[in-house]
Structure formats: C-alpha cells, structure tokens
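Below is one structure; the comments refer to it alone.
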Amino acid sequence: MYQHRGTLPASQVTLSRHYAHSDYDLIVYAASASRDPSAQLSGASATVTNATTGASFSTRFSTLLDNEQTAQFQIPSGQYLVELRTAATSTTPARALWLARPGGVYRYVSDRAQAVPVKVVFGGHNFWGGSFSETASR
C-alpha cells in the first residue's frame, strides 16, 4: 500500500513505503580471508546494534559450507555496529569479531574498540561487510 502525503502536484508527491516494506534495508556479508570455504561461517551469526539507541538485531548465516555468507535485516535507518559471531570448529573456538576499517579497508577484527558504525538508510539496499581471518588474530 502506498500512501500519499499532502496535496502536492503529482510531480512532487512523496510516496511512503512504511506500510509496504518488503525490501531488506541492510545486507551484511562476511568472507574468509583465504577465500576457501570456512566452517567458521557455517551457522555463524551477525548482530547489528544501533550506535545511538543500543537496539540490536540478530540473524544466523546459512549452514552451507562456503567462503562467503550474507545476512539480511529489515531495520530502521541509523548508524550500526556490526558483530560477527563465528561458529566453533574442532580447531577454533567461536569468536566475536567486529566490522572495522583498519587501513581504510573494511574487515572483521577481534578488537571491539576498532569497530566503526555503518550507515543504514531505510529501503536503501545497504551492503556492508568484509573479510575475516580464520586464525585468532587482530
């Protein structure tokens, strides 16, 4: 359902999608730095937290074994911190990693202090993410 706002000429009518929201506002991705399929991504979870309000939203990645996974969110506009919680494997414990931008390149790091918020615009098909190292390093 689209909703007209005001009585402007047709060329200036603003359409609201507030009640017919079917698109994803944010897609978060994570990729293994080695580009090999990673068991740490299989069933891992992504959490986005609004940097202003503290509201958080979580979802799990697919359990398929792959070198990249995506998670989709329908969330309000704002600045969000992105957390990746990897799956435990027989050789690596589960880890909490944060989307950061060290050296100008987005990637997941273990130091939460390095996390940078990403901008999400309602209905804007925002796509954020980066690679992570399968070894427990910063």
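Residue numbers run from 1 in the order of the sequence given.
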Spell out, as yes or no, whether a donor-acceptor pair under 3.5 Å connects the side chain of [X] to the backbone of [Y].
X	Y	answer
Trp128	Val82	no
Asp25	Ile75	yes
Gln69	Ser62	yes
Ser42	Thr63	yes
Ser110	Leu97	no
Gln40	Glu134	yes
Thr86	Arg95	yes
Asn67	Arg35	yes

Quiz item: Taking the six-membered ring for Trp, is the centroid-to-centroid distance between Tyr108 and Trp98 below 6.0 Å?
Solution: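 For Tyr108 and Trp98, the ring centres are not under 6.0 Å apart.
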For Ala71 versus Ala46, what's the shortest heavy-atom pair and its separation?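 Ala71 and Ala46 have their closest heavy atoms at CB-CB, 4.1 Å.
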Say whether Phe61 and Tyr106 are linked into one hydrophobic cluster, either directly or through other cluster members, by side-chain heavy-atom distances under 4.5 angstrom.
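Same hydrophobic cluster.
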Shared ILVMFWY cluster between Val28 and Leu81, side chains joined below 4.5 angstrom?
->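 Different clusters: Val28 never reaches Leu81 through Ile, Leu, Val, Met, Phe, Trp or Tyr contacts under 4.5 Å.
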Test item: [X] and [Y] side chains (from C-beta on) under 4.5 Å apart, heavy atoms:
X	Y	value
Ser56	Thr47	yes
Phe57	Asn50	no
Leu84	Leu99	no
Val116	Gln114	no
Leu26	Val48	yes

message = Apply side chain to side chain donor-acceptor pair (under 3.5 Å) to residues Ser38 and Ser32 and explain how you reach the verdict.
response = CA-CA 6 Å; Ser38 173; Ser32 63; 5.6 Å; no
- Item | With sequence neighbours excluded, residues passing side chain to side chain contact (heavy atoms under 4.5 Å, CB included) with Arg60 |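 Side chain to side chain contact (heavy atoms under 4.5 Å, CB included) list for Arg60, sorted by chain: Ser45.
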Summary of ring-ring contact (aromatic ring centres under 6.0 Å, His included) pairs that have at least one residue in residues 25-53, sequence neighbours excluded
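Non-adjacent pairs meeting ring-ring contact (aromatic ring centres under 6.0 Å, His included): Tyr29-Phe127.
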Open item on the list: Applying salt bridge (Lys or Arg N to Asp or Glu O under 4.0 Å) as the test, list every pair that has at least one member in residues 77-87; sequence neighbours left out.
Closed with: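 Qualifying pairs: Glu83-Arg85.
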From Thr89 OG1 over to Leu41 CG, what is the distance, rounded to the nearest 0.5 angstrom?
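It comes to 11.5 Å.
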